[in-house]
J.: 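Please see the structure below; I have some questions.
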Amino acid sequence: MKHLIRNTTLATTLLLGAGVAHADWPGDRPIELIVAFAPGGGTDVMNRTLAPFIEKELGAKITILNRPGASGEIAYTAMTEANPDGYTASSLNTPGYLTMQMDRKVRFDPKKLCLVARIVEDPGSFIVQANSEFNSLKDLVAYAKANPGAVTVGTTGLGTDEHLAMLQLEKSAGVDFTAVTFNGANEARTALLGGHVMAIGINVGEFVGSDHSAFKNLGQFAEKRAVIAPDLPTAKEQGYEVLISSERGIAMGCDVPENIRTKFSDAVRKALDNPEFQGKAKQQSLALSYLSSEDWNREMPVRAERLGAIWKLAKEQQ
Amino acid sequence: MEFLDLLSLGFSEALTPTNLGFCLLGALLGTLIGVLPGIGPTATIAVLLPITFYLPPLAGIIMLAGIYYGAQYGGSTTAILVNLPGEASSVVTAIDGYRMARNGRAGSALAVAALGSFFAGTVATFGIAIAGPTLSSFALSFGPAEYVSLMLFGLLAATVLARGPVLKAIGMVLLGLLFGMVGIDASSGEERLTFSAVELFDGIDFVVIAIGLFGFAEIIENLENHEARGVLVTKLSRLWPTGEDFRRAWPAVLRGTGVGTFLGVLPGGGATLASFCAYSVEKKASKNPKEFGNGAVEGVAGPEAANNAGAQSSFIPLLTLGIPSNNMMAMMLSAFIIHGITPGPTVLATQPEIFWGLVASMWVGNLMLVVINLPLIGIWVKLLTVPYRLLYPAILLFCCVGVYSINNRIFDVVLAAGFGLLGYAFRKAKCEAGPLLLGFVLGPLLETNIRRAMTISHGDPGVFYERPISLLLLIATVGMFVLMILPSFRRTRQEAFQDEEA
């Protein structure tokens, strides 16, 4: 095994050519992957599962370091301030990465942060109790129209994907909901099970990946149905303009040489194609949706603009 | 009896050599990290999660569960020996346990804690087996309004934790509430008391504040005192509890088990509340409440039983509903999902061997822990004979490593040091840190639930007294408050205080 790693490293070094300043990358030392969330959470488990497969592609060692806090700002700051030698990368999640920039002056320079590879795009959705009278977003909207403010929707805080989805649905359908904040999806699910709120927002992956026999999903907020939920109609199909998803991917400093970032991006793509990883991804209900560095960087401003418009709505309501 | 069949299925799973081996490994690891201050089970399990990829599902989960309850055992060891509670549930153990250790009864305290925990673990395990699904539906009926009433009750109970005057205790609870507010408020997105420090956006971690107020402050105070550094070694005579200890401890263990099993089921703060509530129950039930805080064996037995029972019963919502009740359980949920098992009612029906195997292994693990821990007591107690000048740098080092490892940043270590100085000032002012910690833990829960309840009711405070469980808890709170301000009660408190001074 060791020989194999050394040989691949040697081969890639030769391929890169001796003229490049960072010719030894990634053979020098382990690549540090900063995970912006606490150990054991969805993002952490995903990265820990994926890391060995990227290691195999790169022929390098990857160590995971959790730097949780401030929805990722601490990790992004640490990553953009690290030596731009390609040995530090960080996980990156939207919409948190975008909304934090709308809300406050962040401690890192977003211009110094370059997207490397998108791994997952997980659409938002609304769920209710399995025995609820609501069977679609239409039913929920009709009830809200008849009883303004009576529909309580559990979210995990201001500017989270569930909250933004709720605002979009309110605007698109012309109704009023009442947002109830919970500390995390699990608390919200408990409250829904106990009948303390009528509906909650949850990512499709979280829904599919848990025992959902007690719940019913009303619709997903994606452009087209996610691979993990092909039978669940989108909001658009039901006539509402609601488009919210959370993405998970990897970012590096922009000062890191471009060929290193591209190589990393390619390694992620190959790792995602590995059937063994896909088996594990299925177990964790990961809505895999790879975007290369180039594609993701192109798509991000569009997403930022869309979120910006909803964000303004949120601020007006306060 | 159907559940006996299922339980025997569970034991046949738990007693296979592989599962037995991983249960032992988990229990050993758990004890070890529990004893090392600040290094919590959450971080350990996160590191070990990827390793469980290569284990059979049940074996991996059994090992992780073993780490969790093993850490509960280990955590009380440091709380008793060096006044260092590793997590919220052992704060209370430290109050009387450490006093017992200073009086040369460390062995008794440790033995009572271990045996009480074992008994509580046994009862709670059978509780899960018999009444798991029923208990979880009860937990669901706890909505925001019920939590508000429960937290009010808990906060009032916190003042009982202190030896000194009620006013000081209430002041400390309020300070705790203030520290609990630090961070970004989820519903408005505003920063509160963060002083623009990005490290404070998510609030202060419990371990930081506990290590500071208890660990660091204790060390400073011990170093100040030249004659009696650390624990008095001379009186160290007995390792085993006396008959009198047993007589006094067993009713406390019974009560603690009840309180713990019941409260542990509640998602969010239930298990933490369990040990605090058990302590106040004991103090109320005792004929000599002034002994509490000076090494009352009931003050160790009750809370220890409660926190272990609570640790076990917090598995109930996860296993029966698929909902984790705290961070630790969220980690366990990840472990299940990695193995393609999604806990919940479906798994209960389709893969009974997983649920029952885990339940049975918890009992086996508890038995192992007693067997591991009882002989170790002698060694732990010997640790106290190590000269303090050698002991305290080691404690300090482990504290710093533990605090650093929470978020991998030095900021938290500095913050803990700051709390150490604050804790030292509190000790000089004869203000106790216990009520502050309870305020710190319960405050944010109280606040978010008040807001939730009021949002859902559209500003109508009626929800608090129209819902029966909430009303009942409010009546209990008012009842306790009346008891506290009654003259007779005040006198006993003051007597206790004067004794302390004398």
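Reckoned from all heavy atoms, side chains included, excluding hydrogens, waters and symmetry mates. Chain letters run A, B, ... following the sequence lines, proteins first, then strands; residues in each count from 1.
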J.: Which of residues 190-197 of chain A get closer than 4.5 angstrom to chain B, counting heavy atoms alone?
T.: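 Residues A:T190, A:L193, A:G194, A:H196, A:V197 are the ones that qualify, each having a heavy atom under 4.5 Å from chain B.
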J.: By side chain to side chain contact (heavy atoms under 4.5 Å, CB included), which residues pair with B:A65, not counting sequence neighbours?
T.: B:Y69, B:F315, B:M332, B:L358
J.: Under a 4.5 Å heavy-atom cut-off, does chain B meet the side chain of A:R107, its backbone, both or neither?
T.: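 For A:R107, the contact with chain B is made by the side chain alone.
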J.: Could you tell me which portion of B:S136 (side chain, backbone, both or neither) has an atom closer than 4.5 angstrom to a non-hydrogen atom of chain A?
T.: neither
J.: Atom CG of B:L321 and atom OG of A:S210: how far apart are they, to the nearest 0.5 Å?
T.: 12.0 Å
J.: Kindly indicate whether the side chain of B:I184, heavy atoms from C-beta on, has any atom under 4.5 Å from the side chain of A:R104.
T.: yes
J.: So which part of B:H339 gets closer than 4.5 Å to some heavy atom of chain A, the side chain, the backbone, both or neither?
T.: backbone
J.: So which residue, B:A335, B:A330, B:P343, B:A453, ends up with the most heavy-atom pairs under 4.5 Å with chain A?
T.: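 The residue among B:A335, B:A330, B:P343, B:A453 with the greatest pair count is B:P343.
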J.: Between A:T49 and chain B, with a heavy-atom cut-off of 4.5 Å, which part of the residue counts as in contact: side chain, backbone, both or neither?
T.: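 Contact with chain B is through both the backbone and side chain of A:T49.
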J.: Evaluate the criterion salt bridge (charged side-chain N to carboxylate O under 4.0 Å, His left out) for residue pair A:E187 and B:R452; output intermediate values, then yes/no.
T.: CA-CA 12 Å; A:E187 268 191 29; B:R452 263 173 228 160; 3.0 Å; yes
J.: Heavy-atom count check: over 12 atoms from other residues, nucleotides or ligands less than 6.0 Å from A:Y87 OH?
T.: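 Enclosed.
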J.: Can you tell me if A:N186 uses its side chain to pair, donor with acceptor, with the backbone of B:P324 under 3.5 Å?
T.: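 Answer holds: no.
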J.: At a heavy-atom separation under 4.5 Å, does B:F142 approach chain A through its side chain, its backbone, both, or neither?
T.: backbone
J.: How far apart are the C-alpha atoms of A:L65 and B:N408, what are their side-chain angles, what is the distance that settles it, and do they pass the side chain to side chain contact (heavy atoms under 4.5 Å, CB included) test?
T.: CA-CA 8 Å; A:L65 181 71; B:N408 292 318; 3.3 Å; yes
J.: Which answer fits A:Q284, side chain, backbone, both or neither, if we ask what part of it has an atom under 4.5 Å from a heavy atom of chain B?
T.: both
J.: Could you state the interatomic distance from CG (B:D202) to CD1 (A:I74), rounded to the nearest 0.5 Å?
T.: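 One finds 6.5 Å between CG of B:D202 and CD1 of A:I74.
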J.: Taking A:R67's backbone N and O only, do any of them form a donor-acceptor pair with B:R409's side chain (distance below 3.5 Å, no angle check)?
T.: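 Looks like no, no N/O pair under 3.5 Å.
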J.: Quick one: list whatever passes side-chain hydrogen bond (donor to acceptor under 3.5 Å, both in side chains) with A:E55, sequence neighbours left out.
T.: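 Result, side-chain hydrogen bond (donor to acceptor under 3.5 Å, both in side chains) vs A:E55: A:K61.
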J.: Go through the structure and list residues passing ring pair (Phe, Tyr, Trp, His ring centres under 6.0 Å) with A:F108, not counting sequence neighbours.
T.: A:Y76
J.: Counting only N and O atoms by type, is there a donor-acceptor contact under 3.5 Å from the side chain of B:N407 to the main-chain atoms of A:P68?
T.: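 Side chain of B:N407 to backbone of A:P68, a donor-acceptor pair under 3.5 Å: no, none is there.
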J.: With no hydrogens and no angle check, is any side-chain donor or acceptor of B:R451 less than 3.5 Å from a backbone partner on A:V180?
T.: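 Looks like no, no N/O pair under 3.5 Å.
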J.: With a 4.5 angstrom heavy-atom cut-off, is it the side chain or the backbone of A:A51 that approaches chain B, or both, or neither?
T.: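 Neither part; nothing is under 4.5 Å.
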J.: What closest approach, in Å, do B:T342 and A:G209 show between heavy atoms, and which atom pair accounts for it?
T.: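 For B:T342 versus A:G209, the nearest heavy atoms are CG2-O, 2.7 Å.
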J.: Does atom NZ of A:K280 have more than 12 heavy-atom neighbours, drawn from other residues, nucleotides or ligands, at distances under 6.0 Å?
T.: yes
J.: Do A:T178 and B:T455 make a side-chain contact, defined as non-hydrogen atoms from C-beta onward lying under 4.5 Å apart?
T.: yes
